[in-house]
There are 2 protein chains.
Amino acid sequence: MSEARSRPRRSSRRGDTRKALINGAFTLLDGQKSFDGLSQRELTRYVGIVPTAFYRHFASMDELGQALVDEAFRALRQILEDVRTDVRGSKRPVSTLVRSLLQHVRAHRSAFRFIAAERFGGAGGIRGAIRREMRLVQAELAVELARFPYLKDWSSTDLHMIAALMVNAMVAIVEEVLDRSAADKAAEAELMALAEKHLRLIVLGIPHWRSQA
Amino acid sequence: MSEARSRPRRSSRRGDTRKALINGAFTLLDGQKSFDGLSQRELTRYVGIVPTAFYRHFASMDELGQALVDEAFRALRQILEDVRTDVRGSKRPVSTLVRSLLQHVRAHRSAFRFIAAERFGGAGGIRGAIRREMRLVQAELAVELARFPYLKDWSSTDLHMIAALMVNAMVAIVEEVLDRSAADKAAEAELMALAEKHLRLIVLGIPHWRSQA
DNA sequence: CTTCAATGTCAACACATGTTCACAGAAATA
DNA sequence: TATTTCTGTGAACATGTGTTGACATTGAAG
């Protein structure tokens with residue numbers, strides 16, 4: 001009984017509680033809750049903190065919401081960058097894209113459930129931020145598409161149109177993966193195969209497209 | 001002053017309040033709220049009813065939620081049937097489909113905002129019901145696709161795969177339309193054009209698909 | 001070791017929530 | 001007209017909510 005701390009009621013590590021609050025919120029929202037159905041007390045209870053301690057880290061619940069958006073998008077951007085480098089060095093871009101994307105998404109599941117849930121569910125501010133980010137993703141994919149030889153002389157408008165279709169298709173798949181239990185590997189594999197087929201079908205149409213600009 | 005009712009505090013029409021509650025809920029949710037952020041008091045206040053009167057029509061808020069799902073899906077099915085008959089009698093199926101769909105959706109805006117918001121946002125029961133309905137829509141589109149001559153000898157698996165891609169594409173467009181103000185006609189026209197291009201691109205890929213079953 | 005900012009606790013606030021109960025007036029039925 | 005069934009009202013409940021204020025303890029900096 002040399003080092004028996006009297007009472008470890010205080011978490012004692014310096015900046016951990018803020019992260020605990022963010023992660024706790026993601027975890028709670030990973031269930032069947034939306035952000036405006038999540039209460040401050042429920043969250044602080046879950047994190048193991050007295051309600052008032054919350055305000056040492058966020059001025060209000062709205063500010064917590066903003067922090068969740070920021071964190072989720074930070075993860076999104078990181079993922080997409082990783083996926084891009086994976087795909088660039090690959091001989092089979094489509095299947096690499098799908099595999100890499102879903103694999104990364106699985107590692108940040110709750111953050112992405114948050115985005116999926118709030119994309120049309122929640123407050124206008126969050127919705128707007130998500131839509132903005134989505135457009136960015138689309139634009140970046142358009143740039144990436146332009147690297148392919150047989151798309152070199154396509155109009156930017158048409159590239160964006162293809163990018164939008166591809167992003168929509170992948171978003172739909174990702175959302176469906178998230179909507180299933182993380183353990184359901186069979187469903188995930190099935191969805192992965194479906195995503196690949198969808199992308200391939202889109203790609204097949206591309207050479208036959210006549211831009212009527 | 002022959003017919004001056006003393007006080008019209010009671011709405012007096014027989015079964016109207018239930019509908020008023022449902023429509024009121026849709027209207028309130030059309031803003032920036034999700035269902036589990038909508039309170040019973042807020043709703044009854046909005047409808048102009050005392051809180052307790054609510055329980056003459058629904059046993060609980062959960063039951064109200066179920067009623068909203070039912071009503072929204074009733075509208076969805078009606079719309080899709082109308083769209084189908086429109087498309088069947090058309091020489092230009094794709095553009096007819098898009099125009100007809102968006103036009104009908106506009107007429108049931110708030111019901112569809114509810115579906116979009118709760119698809120991944122809300123409680124598991126609602127999510128499950130929506131996913132089930134989505135699959136049904138997909139299956140019905142697959143059947144409809146089978147009517148086209150050059151798809152006649154396609155495998156059912158591949159037909160479903162195409163249907164899924166098309167449904168995903170249209171859902172994405174509809175959701176984006178719903179996310180804009182109902183008055184923004186310019187954005188809507190733009191999205192309609194985009195939807196048409198997306199569908200056309202998909203269709204272009206179809207003849208070149210080799211099923212690797 | 002002292003000092004000080006960071007981070008926690010406890011008590012309290014004013015108010016909102018979902019739901020129940022006993023009651024009242026209107027509409028439909030007889 | 002008398003009666004019963006719907007549907008609305010008012011007060012009340014226990015509990016939950018976001019947030020504030022005054023105080024305590026911790027870990028790091030001087």
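Residue numbering restarts at 1 for every chain, and letters A, B, ... go by the order of the sequence lines. As a basis for the values below, the full set of heavy atoms in this structure was taken, side chains included, without hydrogen atoms, waters or symmetry mates.
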Worksheet item: Between A/His57 and C/dA6, does any side-chain N or O lie under 4.0 Å from OP1 or OP2?
Response: no
Fill in: B/Thr52 vs C/dT19: side-chain N/O to OP1/OP2 distance below 4.0 Å
no
Could you run down the sub-3.5 Å N/O contacts of the protein with nucleotides 13-17 of chain C?
unit_1: C/dT17; atom_1: OP1; unit_2: B/Ser39; atom_2: OG; d: 2.8
unit_1: C/dT17; atom_1: OP2; unit_2: B/Arg45; atom_2: NH2; d: 2.8

Discussion item. Just to be sure I understand the rule, does B/Phe54 reach a base, reach only the sugar-phosphate, or reach nothing, if contact means heavy atoms closer than 4.0 Å?
Written reply: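 The answer is nothing, as B/Phe54 stays clear of every strand by at least 4.0 Å.
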Answer yes or no: is there an ion pair linking [X] with [Y], defined by an N-O contact shorter than 4.0 Å?
{"X": "B/Arg106", "Y": "B/Glu188", "answer": "yes"}
{"X": "A/Arg109", "Y": "A/Asp30", "answer": "yes"}
{"X": "A/Glu196", "Y": "A/Arg200", "answer": "yes"}
{"X": "A/Glu42", "Y": "A/Arg45", "answer": "no"}
{"X": "A/Asp36", "Y": "B/Lys33", "answer": "no"}
{"X": "B/Arg119", "Y": "A/Glu175", "answer": "yes"}

Fill in: Any residue of residues 60-68 of chain A with a heavy atom less than 4.0 Å from an atom of DNA chain D
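By residue number: A/Ser60, A/Met61.
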Item to complete: Check every atom of C/dG8, D/dT19, C/dT19 against the side chain of A/Tyr55 and return the nucleotide holding the closest atom.
Response: D/dT19
Discussion item. Looking only at the side chain of B/Arg56 (C-beta and beyond, no hydrogens), which of the listed nucleotides C/dT19, C/dT9, D/dT7 gets closest?
Written reply: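 The answer is D/dT7, which lies nearest to the side chain.
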Could you give the [atom1]-to-[atom2] distance, from [X] to [N], as a whole number of Å?
{"X": "A/Leu43", "N": "D/dT19", "atom1": "CG", "atom2": "P", "answer": "12 Å"}
{"X": "A/Asp36", "N": "D/dT17", "atom1": "CG", "atom2": "P", "answer": "14 Å"}
{"X": "A/Ile49", "N": "C/dC10", "atom1": "CD1", "atom2": "P", "answer": "12 Å"}
{"X": "A/Leu21", "N": "D/dG18", "atom1": "CG", "atom2": "P", "answer": "13 Å"}

Worksheet item: Where do B/Thr96 and B/Ser90 come nearest, in terms of heavy atoms and distance?
Response: OG1-OG, 2.6 Å
Worksheet entry | Contact check, side chains of A/Leu145 and A/Met166, non-hydrogen atoms, under 4.5 Å | yes
Discussion item. Under the criterion salt bridge (charged side-chain N to carboxylate O under 4.0 Å, His left out), I'd like the reasoning laid out for B/Glu81 against B/Arg84: C-alpha separation, chi angles, the key distance, then a yes or no.
Written reply: CA-CA 5 Å; B/Glu81 191 167 318; B/Arg84 257 192 297 275; 5.3 Å; no
